[in-house]
Undergrad: 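Sending over a structure as structure tokens; questions will come in a sec.
Bear in mind the structure is a predicted one, so any value in this text is a computation, not a measurement. Naming: A, B, ... by sequence-line order, numbering from 1 per chain.
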Amino acid sequence: MIWREKRVLLIILGLLLAANAVYFFTYRVSYQSRLDDREQELTQKEAELARAHAARVKAERTFQAYRQVERDVQRVFDEHWATQEERFTRLVAEVKRLTTASSMVPASVGFSAAVVTDPEANRRKKVAIGATEVGIAFGVEGTYEQVRRLINLLELSQQFVIIDQIGLSSREGQNLALTIHLKTLFREGKPLANQRL
Amino acid sequence: MKPIHLNLAARPYRDYRPVYAVVVVMSLLTAFLMLNNIETYYRYKHDTRSTTNRIGQIEAQTRQEKQLEEISQRKLKGIDLATLDAQTRFVNAKLAERAFSWSTLLDELESVLAQDVRLVSVAPQFNGDGSINLALDFEAKGPNGMIVTINRMNADPQFANPFPKTEEITPSGGYKFNLVVKYHPPETILRAAK
């Protein structure tokens, strides 16, 4: 009877006690483990940051590497190959100078030109390289030493000239007939000086 | 004579002492636990403040790193990789052709050719691995010219897999033959040795 009369007070006190007990056993007793959890969370966040940082650095490095490759390719196109307008006559003059220097002046010279496409690309996705390949073919006669000298001079030339193929056949005495096919590359587009205007 | 029991109380008498005892005990216990809990809460806040701040900083840094990565990925998508790849392969192939030393090749061929064998033409074809396939035409005075040339190429580390395509006798009595051989320039052999 007396308990029933005071039941409201007892229930409130019981609820307060229960709530405090729950909090006490949940937080106070496992206090250290909660601190440890927080430290563990910090460690996890640090690891996540490290992963994000590594991914960012990798993406930036990849981008920078591609940019560097782009710059290198562009440098070859601009500085070594240039446009036909900028370099073709200089190249022909250089070849003539070298043949004269090796005392093997050709009677005739043949020229050819072809636009370069990526040979490894499939037909649907043909990629234009942005360059034209120009061939220069001529035949000369001279001794083996003269042939070697001409080849050596072409190799040392400042012009971007590739010896594509050589053919040799014997002539009278010590003389040889040399047929040589040279090739070079020109960038497509306008010369850089014009682009700046 | 029957005794008289007089109840003079205004209300019926009840003994509340057990109830009050329980209330006091419960109140004391609750107060004790509550103080402890409040102290625990503040201690936890204090002890984990630096950790919480650090976690907040790290989360902000992580968000920033992810944003920067996304920017780099978007920039990467803006690059025409197919064209760049094709141009790079093409430029590398042409630079290799330009760097190829014909003088060294002719020296090498001089060292492997027999006395009665003469080189007529050379056409190189450049491979991606740095090796070069050579298509060679020769003229020989005797019938063993081709065999001797193949044997000498097999013995030279700069040549590999020499293989003939045709051999024919010329009207003058000599022999014409051609070979395909893989040529390793000296620099590729040095690179492989390292």
Undergrad: State, to 0.1 Å, how close F90(B) and A131(A) come at their nearest heavy-atom pair, and which atoms those are.
TA: CE2-CB, 4.5 Å

Undergrad: Using atom types as modelled and distance alone, determine if a side-chain donor or acceptor of R98(B) lies under 3.5 Å from a backbone N or O of F160(A).
TA: no

Undergrad: Taking all atoms of both residues into account, what is the closest heavy-atom pair of L13(A) and T30(B), and its distance?
TA: O-OG1, 4.1 Å

Undergrad: Okay, side chain of E155(A), backbone of W102(B): is any donor-acceptor separation there less than 3.5 Å?
TA: yes

Undergrad: Is the number of heavy atoms from other residues, nucleotides or ligands within 6.0 Å of OH (Y66(A)) greater than 12?
TA: no

Undergrad: Highest number of heavy-atom pairs under 4.5 Å with chain A: which of K75(B), R63(B), Q125(B), E139(B)?
TA: K75(B)

Undergrad: Please name the pair of heavy atoms, one in L33(B) and one in L17(A), separated by the smallest distance, quoted to 0.1 Å.
TA: CD1-CD1, 3.8 Å

Undergrad: Heavy atoms, side chains only, cut-off 4.5 Å: are R118(B) and L176(A) in contact?
TA: yes

Undergrad: Taking all heavy atoms of A59(A) and all of L76(B), pick out the closest pair and write down the distance.
TA: O-CD1, 4.1 Å

Undergrad: May I ask you to test the K66(B)-R51(A) pair for a side-chain heavy-atom distance under 4.5 Å?
TA: no

Undergrad: Counting heavy atoms not belonging to Q68(A), are there more than 12 under 6.0 Å from its CD?
TA: yes

Undergrad: Does one hydrophobic cluster hold both L113(B) and I150(B), with members joined at side-chain heavy-atom distances below 4.5 Å?
TA: yes

Undergrad: Counting only non-hydrogen atoms closer than 4.5 Å, does A177(A) touch chain B with its backbone (N, CA, C, O), its side chain (CB onward), both, or neither?
TA: neither

Undergrad: Taking atom CG of D47(B) and atom CZ of R34(A), what is their separation to the nearest 0.5 Å?
TA: 12.5 Å

Undergrad: Is chain B contacted by the side chain of L154(A), its backbone, both, or neither, given a heavy-atom distance below 4.5 Å?
TA: backbone

Undergrad: CZ of R4(A): more than 12 outside heavy atoms within 6.0 angstrom?
TA: no

Undergrad: Chain B: which of V76(A), T184(A), I163(A) shares the most heavy-atom pairs with it under 4.5 Å?
TA: I163(A)

Undergrad: Is F25(A) in contact with chain B via its backbone, its side chain, both, or neither, using a 4.5 Å heavy-atom distance?
TA: neither

Undergrad: Does E110(B) reach the side chain of R148(A), with side-chain heavy atoms less than 4.5 Å apart?
TA: yes

Undergrad: I71(B) versus chain A, heavy atoms under 4.5 Å apart: side chain, backbone, both or neither?
TA: neither

Undergrad: Treating Ile, Leu, Val, Met, Phe, Trp and Tyr as nodes and any side-chain heavy-atom pair under 4.5 angstrom as an edge, say whether Y41(B) and I38(B) lie in one connected cluster.
TA: yes

Undergrad: May I ask you to name which of D85(B), D137(B), T51(B) has the most heavy-atom pairs under 4.5 Å with chain A?
TA: T51(B)

Undergrad: Does I147(B) belong to the same Ile/Leu/Val/Met/Phe/Trp/Tyr cluster as V181(B), with side-chain heavy atoms less than 4.5 Å apart forming each link?
TA: no

Undergrad: For chain B, which of A50(A), G130(A), A21(A), G167(A) has the most heavy-atom pairs under 4.5 Å?
TA: G167(A)

Undergrad: Considering only heavy atoms and a distance below 4.5 Å, find which of T48(B), N92(B), I58(B), D15(B) pairs most often with chain A.
TA: I58(B)

Undergrad: Counting only heavy atoms not in E5(A), do more than 12 sit closer than 6.0 Å to its CD atom?
TA: yes

Undergrad: Any chance you could measure S72(B), atom OG, to Q64(A), atom CD, to the nearest 0.5 Å?
TA: 8.0 Å

Undergrad: May I have the step-by-step check of side-chain contact (heavy atoms from CB on, under 4.5 Å) for E65(B) and V57(A), ending in yes or no?
TA: CA-CA 9 Å; E65(B) 293 282 357; V57(A) 168; 5.8 Å; no

Undergrad: Relative to chain B, which segment of Q159(A) carries a heavy atom at a distance below 4.5 Å: side chain, backbone, both, or neither?
TA: backbone

Undergrad: Quick check: closest heavy atoms across L10(A) and M26(B), and the distance to 0.1 Å?
TA: O-CE, 3.8 Å

Undergrad: With a 4.5 angstrom heavy-atom cut-off, could you sort out which part of Q44(A) is near chain B: side chain, backbone, both or neither?
TA: neither

Undergrad: Is it the side chain or the backbone of K58(A) that comes within 4.5 Å of chain B heavy atoms, both, or neither?
TA: neither

Undergrad: Cluster question for you: counting only ILVMFWY and a side-chain heavy-atom cut-off of under 4.5 Å, with indirect links fine, are V120(B) and Y144(A) together?
TA: no

Undergrad: Please determine, among V19(B), V91(B), T83(B), the option with the most heavy-atom pairs under 4.5 Å with chain A.
TA: V19(B)

Undergrad: State, with a plain yes or no, whether a side-chain heavy atom of I162(A) is found less than 4.5 Å away from one of F126(B).
TA: no

Undergrad: Side chains of M34(B) and Y23(A): closer than 4.5 Å at any heavy-atom pair?
TA: no

Undergrad: When you look at Q73(B) and E60(A), which way does the side-chain contact (heavy atoms from CB on, under 4.5 Å) test go after all the steps?
TA: CA-CA 8 Å; Q73(B) 294 289 0; E60(A) 282 183 353; over 6 Å; no

Undergrad: Are the side chain of Q87(B) and the backbone of I129(A) linked by a donor-acceptor contact shorter than 3.5 Å?
TA: yes

Undergrad: So for atom CZ, which belongs to R43(B), do other residues, nucleotides or ligands contribute more than 12 heavy atoms lying within a distance under 6.0 Å?
TA: yes

Undergrad: Which atoms of S169(A) are under 4.5 Å from chain B, going by heavy atoms: the side chain, the backbone, both sets, or neither?
TA: backbone

Undergrad: Let's test your reading of the structure: which of L185(A), L9(A), T179(A) forms the most heavy-atom pairs below 4.5 Å with chain B?
TA: L185(A)

Undergrad: Say whether F111(A) and V105(A) are linked into one hydrophobic cluster, either directly or through other cluster members, by side-chain heavy-atom distances under 4.5 angstrom.
TA: no

Undergrad: Within a strict 4.5 Å, meaning less than it, do heavy atoms of the F24(A) and T40(B) side chains meet?
TA: no

Undergrad: Is the CD atom of Q115(B) crowded by more than 12 outside heavy atoms at less than 6.0 Å?
TA: no

Undergrad: Would you sort out whether L49(A) and T62(B) count as a side-chain contact (heavy atoms from CB on, under 4.5 Å), showing the intermediate values?
TA: CA-CA 5 Å; L49(A) 174 62; T62(B) 306; 3.5 Å; yes

Undergrad: Mind running salt bridge (Lys or Arg N to Asp or Glu O under 4.0 Å) on E39(A) and R54(B) for me, showing each step along the way?
TA: CA-CA 10 Å; E39(A) 289 296 327; R54(B) 181 90 187 101; over 6 Å; no

Undergrad: To the nearest 0.5 angstrom, please state how far the OG1 atom of T52(B) sits from the CZ atom of R38(A).
TA: 3.5 Å

Undergrad: Which value, rounded to the nearest 0.5 Å, describes the distance between L42(A) atom CG and N53(B) atom CG?
TA: 11.0 Å

Undergrad: With the side chain counted from C-beta on, respond yes when K6(A) and V23(B) share a heavy-atom pair under 4.5 Å apart, and no when they do not.
TA: no

Undergrad: Could you look at E133(A) and say if it's the side chain, the backbone, both or neither that has a heavy atom under 4.5 Å from chain B?
TA: side chain

Undergrad: Out of E59(B), K94(B), Q61(B), which one racks up the most heavy-atom pairs below 4.5 Å with chain A?
TA: K94(B)

Undergrad: Where on K45(A) is there a heavy atom nearer than 4.5 Å to chain B: the side chain, the backbone, both, or neither?
TA: both

Undergrad: For V147(A) and L106(B), what are the C-alpha separation, side-chain angles and deciding distance, and is it a side-chain contact (heavy atoms from CB on, under 4.5 Å)?
TA: CA-CA 11 Å; V147(A) 169; L106(B) 291 173; 5.6 Å; no

Undergrad: Heavy-atom distance under 4.5 Å between the side chains of I151(A) and S103(B), does that happen here?
TA: yes

